[in-house]
Amino acid sequence: MNTLAAQFDVRYPAFHFQVSLAVPLEGVTAIFGPSGCGKTTFLRCLAGLERSSRGVVRFGNTVWQDEAQGLFLPISQRPIGYVFQDPRLFPHLSIRSNLEYGFKRTASGQRRLSFDHVLDVLGLHTHLDRRPHELSGGEQQRVAIGRALLTSPTLLLMDEPLSSLDGKRKREILPFIQRLDTELKIPIIYVSHSLQEVLQLATTLVMLKDGHVMAEGPLANVVTHMDWRGLVEDSHIGAIIDTVVEAHDLEFRLTRLRFGTRHLSVPHQEKGVGEHLRVQILSRDVSIVTSSPTFQSSVLNVLEAMVTGIGDVDSDHPLVDITLDIGCPLLATITRKSLAMLNLHPGQSVYVQIKAVALCQDIPE
Amino acid sequence: MSVMDWNPLWLTMQLAGVTVVVLLLVGTPLAWWLAFTKSRFRTPVEAIVALPIVLPPTVLGFYLLVALGPHGPIGGPWKDLTGSALSFTFTGLVIASTFYSLPFVVQPLHGAFEAVGKKPLEVAWTLGASKLDAFFTVASPMAIRGYLSAIVLGFAHTLGEFGVVLMVGGNIPGMTKVLSIAIYDHVEVLEYTQAHVLSAVLLVFSFLILTIVYTVNRRLPIHVS
């Protein structure tokens, strides 16, 4: 698989940005972190809008930048699409001319996306002859995404494209971004400070803080890593699982989800069989039992699991994190007393009871 | 009473027209530089550009006369090259007017480029436009009001100049005798009718051009929000 490898080292008066990363060129890579952590700087360096004296950018086998070799491909020649925080539509041009601006400047041999296809995906057919100021903020941002896509980029950079929009507009645009990944097969690097957006969109996650990488890897691995607890609010600690809708149980109003060879039952979902659904299982909603559950339980979702790691037992905190494998990583938070009673150790086979499953599109901010 | 002589009017229009063209060619890159540079020379350059606003035209005219004369730093080499000095010629007047009207072109453009800012340019670059391409297709149309103000102010200010042209151009009929000087001459010899006609022409013309510009400006389809 192709990767994007980047190294930057930029010193600002109050801030040292020093990042070395390799991310897969597929799916959505979320760059996540608090304001001022260097997320936007990272994107601007990737695009060539900001120049790092010791920067290196390698896109697959192509070198975009290697300052040690005196190599720097100017922005206009990097095959990227850039969606800024604000739409930044050209006010002197119609919507159509805005969309055509990059399209016209892309050699016809390089165009992989047709004008109509992009307009279809983003639902842009209706406003073509209007001026930018006549559109709502959400519509403008959709045009900005379309304008960037029409250069047929091999990589799409998005800098908090939803941050200027209210909740309703966000929910309107998020599905479009998901469709870019699944339908147009363009890898996306998505900068955000919203964990909700990240959990909903990302396949790979990079966490930045104070200009440095704190965590990186596949989303499911990063969010179930013990170190993750120190980086986000406790109420968000839990596993992320990508599932497929397998069946609906109309009698009990339940929907059966499959991941790998395992299943989860959740309250009925308005989703067709075969559709994808990403769920979150908070660590506080997972309990562990050591014997085979021959007893009756009100908990529907009971799964075989293997203990893979145990958190810090020496702290004086009453709770401790346990990582488990249920075909994908899972995180449970139990009391230290329970840990002692169950005598858990890595490699041990146990059962987990999952008390609640949250859908990622419903995770509160 | 002598016959009405329209030559000064024609000459003035020519001078203002040529000067505005020269000013746009010189002023655009200068205004662009002022709007986006981080150089420490920015402030002194800004001050130099604004000097003609505060200096008495005779001071500017005096220096230009010296510089453009047969022994001056500009006029000298020019004379070696062409055989004649720049003072008391139409070309000399264009050069003098360019300096004199520089702030009236550079300042509106500078403000307009600053208002456009870097953001739309960055977008254009990421969409595959070169720097020059982005300047012509994004920055310039977005700064159109600045251009309009620059052209009108540059033209009008050149139209009304007196001290500098008198110093540098002398008062040679058909060559450097512009409208404002012609009016002065008429008044000197008490030819009030001619002075009235020429003054009225200048007044009405100036009024019309400003009205047209303000109207056009208001209707320009630019909505920067």
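By convention in this document, chain letters (A, B, ...) are assigned in the order of the sequence lines, proteins followed by strands, and residues within each chain are numbered from 1. Remember, predicted model here, so these are calculated numbers, not experimental data.
Put simply, the side chain of B:Met142 reaches to within 4.5 Å of the side chain of A:Pro91, judged on heavy atoms. No side-chain heavy atom of A:Phe90 sits less than 4.5 Å from a side-chain heavy atom of B:Thr137.
More than 12 heavy atoms of other residues, nucleotides or ligands shown are found within 6.0 angstrom of CZ on B:Arg42. Counting heavy-atom neighbours within 6.0 Å of A:Tyr12 OH, excluding the residue itself, gives a total above 12. In A:Arg111, the CZ atom is crowded: over 12 heavy atoms of neighbouring residues, nucleotides or ligands sit closer than 6.0 Å. Atom NE2 of B:His196 has 12 or fewer neighbouring heavy atoms from other residues, nucleotides or ligands inside a 6.0 Å radius. The local environment of CZ in A:Phe115 is crowded, with over 12 non-hydrogen atoms from other residues, nucleotides or ligands closer than 6.0 Å. Atom CZ of A:Phe176 has more than 12 heavy atoms from other residues, nucleotides or ligands within 6.0 Å. Atom OH of B:Tyr214 sits in a sparse spot, with 12 or fewer heavy atoms from other residues, nucleotides or ligands closer than 6.0 Å.
Contacts with chain B were tallied for A:Phe84, A:Tyr82, A:Phe103; A:Phe84 has the most, counting heavy-atom pairs under 4.5 Å. Of the listed residues (A:Arg147, A:Lys104, A:Gln77), the one with the most heavy-atom contacts under 4.5 Å to chain B is A:Arg147.
Rounding to the nearest 0.5 Å gives a distance of 7.0 Å between CD of B:Glu122 and CD1 of A:Ile75.
Across all their heavy atoms, A:Ser76 and B:Ala129 have their closest contact at CB-O, 3.3 Å.
In this structure, chain B has no heavy atom under 4.5 Å from any part of A:Arg78. A:Leu49 touches chain B through its side chain: at least one heavy atom from C-beta onward sits under 4.5 Å away, while N, CA, C and O do not.
The backbone N or O of B:Ser140 sits nowhere less than 3.5 Å from a side-chain atom of A:His92 that would complete a donor-acceptor pair.
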